[in-house]
Amino acid sequence: VQLQASGGGLVQAGGSLRLSCTASGTSVIKDMYWYRQPPTKQREWVATISATGDTANTRDSVKGRFTISRDNAKNTIYLQMNNLRPEDTAIYYCNLFYYGDHWGQGTLVTVSS
């Protein structure tokens with residue numbers, strides 16, 4: 001299983017970005033996750049979406065601003081991030097657990113104040 005994340009970049013506070021993560025090497029549909037690792041901090045969970053896409057959860061600090069979604073026909077999940085804040089600056093990783101923990105390579109999001 002390989003996960004390819006993309007969509008990060010530099011944005012001003014209040015701006016938006018959409019991250020994508022495409023899975024390859026498996027056709028099995030599972031729950032998927034976004035995590036992030038801010039500078040000098042530990043990796044933290046950001047959002048979860050169920051295999052069917054009908055259930056989604058986000059951490060409290062991003063509720064109302066971030067939305068996780070998926071397109072199973074494309075084996076891709078998304079993280080729509082609106083009203084970004086400097087504290088959202090981090091490397092964002094997608095994750096899938098299927099016979100082991102699989103991580104994307106990470107995509108850097110930098111939010112300037």
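Just so you know, residue 1 is the first one in the sequence shown, and it goes up from there.
- When hydrophobic residues (I, L, V, M, F, W, Y) are linked wherever their side-chain heavy atoms come within less than 4.5 Å, Tyr78 remains an isolated member.
- The CG atom of Leu96 sits 11.0 Å away from the CD1 atom of Ile29 when rounded to the nearest 0.5 Å.
- No continuous path of ILVMFWY side-chain contacts below 4.5 Å connects Phe97 to Tyr99, so the two sit in separate hydrophobic clusters.
- For Thr40, there are no side chain to side chain contact (heavy atoms under 4.5 Å, CB included) partners two or more places apart in sequence or in a different chain.
- In this structure, Tyr93 belongs to a hydrophobic cluster whose other members, linked by side-chain heavy atoms under 4.5 Å apart, are Tyr33, Tyr35, Trp45, Ile91, Trp103, Leu108.
- Crowding of Lys63 atom NZ: a count of heavy atoms from other residues, nucleotides or ligands under 6.0 Å exceeding 12.
- Side-chain contact between Arg36 and Val62: present, with at least one pair of heavy atoms (C-beta onward) separated by less than 4.5 Å.
- To the nearest 0.5 angstrom, Thr26 atom OG1 is 12.0 Å from Gln2 atom CD.
- By the side chain to side chain donor-acceptor pair (under 3.5 Å) test, Thr76 pairs with Thr22, sequence neighbours left out.
- Between Thr107 and Ser6 the shortest heavy-atom distance is OG1-C, 4.0 Å.
- Between Leu3 and Met32, the closest side-chain pair of non-hydrogen atoms falls below 4.5 Å.
- Between Val46 and Thr58, every side-chain heavy-atom pair lies at or beyond the 4.5 Å cut-off.
- Among residues two or more places apart in sequence or in another chain, the side chain to side chain donor-acceptor pair (under 3.5 Å) test is passed with Asp101 by Asn95.
- With sequence neighbours left out, Thr55 forms a side chain to side chain contact (heavy atoms under 4.5 Å, CB included) with Ser50, Asn57.
- Among residues two or more places apart in sequence or in another chain, the side chain to side chain contact (heavy atoms under 4.5 Å, CB included) test is passed with Gln105 by Gln4, Ala5.
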Name each donor-acceptor pair under 3.5 Å that joins a side chain in residues 12-19 to protein atoms two or more places apart or in another chain, with its distance.
residue, atom, partner, partner atom, Å
Ser16, OG, Asn82, OD1, 3.0

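- Pairs of residues two or more places apart, or lying in two chains, that qualify as disulfide (SG to SG under 2.5 Å) and include a residue from residues 29-102 are Cys21-Cys94.
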task: Show the numbers, then the answer: is there a side chain to side chain donor-acceptor pair (under 3.5 Å) between Arg85 and Asn83?
output: CA-CA 7 Å; Arg85 304 169 180 169; Asn83 193 20; 5.6 Å; no

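- Here the side chains of Leu84 and Phe66 are in contact, with some heavy-atom distance below 4.5 Å.
- In this structure Arg65 satisfies the salt bridge (charged side-chain N to carboxylate O under 4.0 Å, His left out) test together with Asp88, sequence neighbours excluded.
- Pairing each heavy atom of Ile49 with each of Ile77, the nearest pair is CG2-CG2, 4.2 Å.
- Within the structure, no pair that satisfies the disulfide (SG to SG under 2.5 Å) test touches residues 36-73, not counting sequence neighbours.
- A search for salt bridge (charged side-chain N to carboxylate O under 4.0 Å, His left out) contacts involving Arg59 returns Glu44, not counting sequence neighbours.
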